Student: 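Handing you a structure now.
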Amino acid sequence: MTASLQDPVLSVANLRVSIGGRTEAVRGMSLAVARGETHCMVGESGCGKSISALSVMNLLPRGIIRTADHIRFQGQDLLAMSERQMSRLRGDKISMIFQEPMTSLNPAYTIGSQMSEVLERHRRAIRRQAMDRAAELLARVGITAPGMRLGQYPHQLSGGLRQRVMIAMALMCDPELLIADEPTTALDVTVQAQILRLLQKLQQELGLALLLITHDLGVVARMAQRVSVMYAGEVVETGAVGDVFAAPTHPYTRGLLDCIPVPGKTQTGEPLGNIPGMVPRIPPGFAGCGFRDRCMSAAPECAQAVPLRDAGGDHSYLCRLPPDWTRASAA
Amino acid sequence: MVLFILRRLWLAALVCLTVLVVSFALTHLSGDLAASIAGPNATAADIAIITKNYGLDRPLVVQFLEWAGHAAEGDLGRSFLYHAPVSGLIRDRLPVTLTLGLTGLSIALLIGLPLGILAAVREGSAIDRGIMMVALLGQAMPGFWLGLVMIVLLGLELQWLPISGVETWQGYIMPGIVLAFSAIPALMRLTRSGMIDALAADYIRTARAKGLSRTKIILKHALRNAAMPVVSIAAVQLGFMLGGSVVIESVFALPGVGYLAWESIIKNDFPVVQAVVLFLAVIYIVLTLLADMMNALLDPRLRA
């Protein structure tokens, strides 16, 4: 999928990830994240969002292989980098936070120790400077009594606090890009809202590029300027959030949006939409649209290569249907 | 942390008491003590005299309280065989046994930990399989056999090391290696499996996402979390080396506690047997306590 963004911070072209040669987890995924914008990757569990993010970071588990036309960060080709070069970038210019705040911090070390080692590694800071920076960031992510928290261990903190610590830790070196992989999924609803608000505030204040992975379209609407809808290892639709939500074009995007009740529109008692079936496992050599088995508008030609269509502006999608298709005409 | 230590000490004291009761019961309830002291050719009159002289005709509770009271003061009775205080016998032999045990454990840790870490980091590779094969061999090899082979090879053929006694520090090398060999497989396996679990944990992914070096990830973030079962088993292994080195001490003719225990069992020297059992139990209790405290230092969640 081409992104018509000028000079993106992160640009991924035709990323493919294969798990042990049996499953194609990501199939030619492309993505561009602009400086200072929030870009949401949205899709069901198992559609390849997290694994795409881990591919960018080169943090894939052993046995999982990534290939791509390019993965560029600020013009540098990440594919050509050695592990040593890549490790200098991680935690410095590119940071990442994860879904599981309960297990993402090392239980054996204090918050202060885990935060300061980032600055010690990338800025050759001494412990005291690093601790000062850590305290400053803990205050910034809304943690009271940061001095005390620095000396505490992860098990003494709640899930919401731990995720705040993860965020603060990711910001230690003033990154250009923050990748957040479902950062609120494991948290209570009220805490989810707080963490999202915090991420939004930090993104705006620090001018971060934020790549936010979520399965929640509500989060997309609230946080993102751009959205990429992923399905079965492909970006099936991408564009400015306003455009995609106003005129969802891929059948999968439409299906997803139909699943959400809209205040003032959806009548009480009216059934919500659903998408029957599950995300399929894609074997090697699979061709055509990954969604066709669950698609109401599927046709025989969906088993062949699907064109990338332009829906106006930066809005594009991956389907045989024209942008102005309606359910009746497609059937 | 203070509360944690106090609680552990209290538990340790309870276990000590239990051990006192059990070691007393084992010697006094396993047949007629006076008859076995008197020997097979003794007459009924001899046995009666012995019963009276040793106070074996008094109620068991009284005998126990008296013995336990003395034991608490460090008086473990007198050996029938050596006609000397038992505590002195043990004290004389303790340095040899302690030196041997610590030598064995040090060698075991120096070899077992790095190899276990290496196997975990290279899980599934030829290196990993090779190391596990060595562990299997080590586990299957009897200590006395290895000891004898080393005596023949290093002691008699090459004459690099003394074959018996501890007149010089070199005397500890061969028995230390043999003892270490029995501990290495378990240490290595536990280190390996602990490291494999730790390396798969989410916090390791976080550490990698922070850009930390591989060395730091393995030695700081993974090893500390993998170390706890290793610490526990190392304490048990050291206990085993201090108490169970009977065979090794006899193969290398080392005048240690294990040798004393073996001798006193054979010759029915019951105050010594009783004292050695008590002594070994206390050693295990102390070592377990130390291991718990080390684990509490390693993992803050245990300190509550």
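Every value quoted in this text rests on a predicted model; they were computed, and no experiment measured them. Below, chains carry the letters A, B, ... as their sequence lines are ordered, and counting in each starts from 1.
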Student: Is there a donor-acceptor contact under 3.5 Å from the side chain of B:Asp299 to the main chain of A:Ala108?
Tutor: no
Student: Chain A heavy atoms under 4.5 Å from B:Leu212: which part of the residue, side chain, backbone, both or neither?
Tutor: both
Student: At a heavy-atom separation under 4.5 Å, does A:Met166 approach chain B through its side chain, its backbone, both, or neither?
Tutor: side chain
Student: Who wins among A:Ala170, A:Ser104, A:Cys173, A:Pro154 for the most heavy-atom pairs under 4.5 Å with chain B?
Tutor: A:Ser104
Student: Of the non-hydrogen atoms in A:Met96 and B:Ala209, which two are nearest, and what is the gap between them?
Tutor: CB-CB, 4.4 Å
Student: So which part of A:Leu59 gets closer than 4.5 Å to some heavy atom of chain B, the side chain, the backbone, both or neither?
Tutor: both
Student: To the nearest 0.5 Å, how far apart are CD in A:Glu120 and NZ in B:Lys216?
Tutor: 5.5 Å
Student: Looking at A:Met86, I'd like to know if its CE atom is crowded, meaning that more than 12 non-hydrogen atoms belonging to other residues, nucleotides or ligands lie closer than 6.0 Å.
Tutor: yes
Student: Is the CZ atom of B:Arg122 crowded by more than 12 outside heavy atoms at less than 6.0 Å?
Tutor: no
Student: Would a distance-only check, ignoring hydrogens and angles, find a side-chain to backbone donor-acceptor pair under 3.5 Å from A:Arg88 to B:Gly211?
Tutor: no
Student: Do B:Thr206 and A:Asn106 pass the side-chain contact (heavy atoms from CB on, under 4.5 Å) test, and can you show the C-alpha distance, the side-chain angles, and the key distance before you say yes or no?
Tutor: CA-CA 9 Å; B:Thr206 306; A:Asn106 192 327; over 6 Å; no
Student: Nearest heavy-atom pair of A:Arg62 and B:Glu123: which atoms, and what distance?
Tutor: NH1-O, 3.7 Å
Student: May I ask you to decide whether B:Lys220 forms a salt bridge with A:Glu117, counting only side-chain N to carboxylate O separations under 4.0 Å?
Tutor: yes
Student: Step by step, would you call A:Met102 with B:Asp202 a side-chain contact (heavy atoms from CB on, under 4.5 Å)?
Tutor: CA-CA 9 Å; A:Met102 303 312 278; B:Asp202 286 342; over 6 Å; no
Student: Evaluate the criterion side-chain contact (heavy atoms from CB on, under 4.5 Å) for residue pair B:Arg303 and A:Tyr153; output intermediate values, then yes/no.
Tutor: CA-CA 11 Å; B:Arg303 284 173 218 166; A:Tyr153 290 92; 3.5 Å; yes
Student: Going from CZ on B:Arg224 to OH on A:Tyr109, what distance comes out if it is rounded to the nearest 0.5 angstrom?
Tutor: 4.5 Å
Student: Quick check with a 6.0 Å cut-off and a 45 degree axis cone: is B:Arg205 positioned over the face of A:Phe98's six-membered ring?
Tutor: yes
Student: By number, which residues in residues 131-142 of chain A have some heavy atom less than 4.5 Å away from chain B?
Tutor: none
Student: Over all heavy atoms of both residues, which pair between A:Pro107 and B:Pro300 is shortest? Give the atoms and the distance, please.
Tutor: O-CG, 3.1 Å
Student: List the steps, then state whether side-chain contact (heavy atoms from CB on, under 4.5 Å) holds for A:Gln114 with B:Lys210.
Tutor: CA-CA 10 Å; A:Gln114 296 187 56; B:Lys210 291 198 287 194; 3.8 Å; yes
